[in-house]
Amino acid sequence: MSELYAFLFSLGLGIAARLLYIAESALAKRTGLFPVTVVLDILLALAVGSALALYIILTGTVIAPYIFACLGGGYMFMFWLTRRKKPRDNS
């Protein structure tokens, strides 16, 4: 059962990472400053990485490849749902 919880936590963390990235991108566009974008990207990566590390440490979950694959899968799932479609150039 702990593998299921690790799977669901990683999936949720990937989804949350994408939603945080969308919010962070909107804030960076609003400010228009490149250093703000870099700092927010670093903070986002640290937040997601530390959340996953804390979950693994506090629950004693075995580090397995499916945890990282599920994290990326959750991110990609939200990416496909939230991406903007560019109009096709028919020339």
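Because only heavy atoms are used, hydrogens play no part in the values below, and waters and symmetry mates are left out as well, while side chains stay in.
Side-chain atoms of L71 and V48, non-hydrogen and from C-beta on, do get closer than 4.5 Å to each other. Within the 4.5 Å cutoff, no side-chain heavy atoms of S2 are placed close to those of T59.
By the side chain to side chain contact (heavy atoms under 4.5 Å, CB included) test, L40 pairs with E24, L27, V36, sequence neighbours left out. Residues satisfying the side chain to side chain contact (heavy atoms under 4.5 Å, CB included) criterion with L43, sequence neighbours excluded, are V39. V38 pairs by the side chain to side chain contact (heavy atoms under 4.5 Å, CB included) definition with F34, I42, not counting sequence neighbours. For T82, the side chain to side chain contact (heavy atoms under 4.5 Å, CB included) test picks out R18, I22, M78, with sequence neighbours left out.
Placement of L19 and L81 within a single hydrophobic cluster is found when ILVMFWY residues are connected by side-chain heavy-atom separations under 4.5 Å, directly or transitively.
The shortest non-hydrogen separation linking T37 to A28 is OG1-CB, 3.3 Å. Considering all non-hydrogen atoms of both residues, I63 and I67 come closest at CA-CD1, 4.5 Å. When every heavy atom of L13 is checked against every heavy atom of A51, the shortest pair comes out as CD1-CB, 3.9 Å. A6 approaches T61 most closely through the heavy-atom pair CB-CG2, 3.8 Å.
For the ring pair (Phe, Tyr, Trp, His ring centres under 6.0 Å) condition, the pairs that include at least one residue of residues 40-80, sequence neighbours left out, are F9-Y55.
Enclosure of atom CZ in R30 is not indicated, since only 12 or fewer non-hydrogen atoms of other residues, nucleotides or ligands lie within 6.0 angstrom.
Clustering of Ile, Leu, Val, Met, Phe, Trp and Tyr by side-chain heavy atoms under 4.5 Å joins V62 with none of the others.
Put simply, OG on S10 and CD1 on I15 are 11.0 Å apart, with the number rounded to the nearest 0.5 Å. Separating the CG atom in D41 from the OG atom in S25 is a distance of 7.0 Å, to the nearest 0.5 Å.
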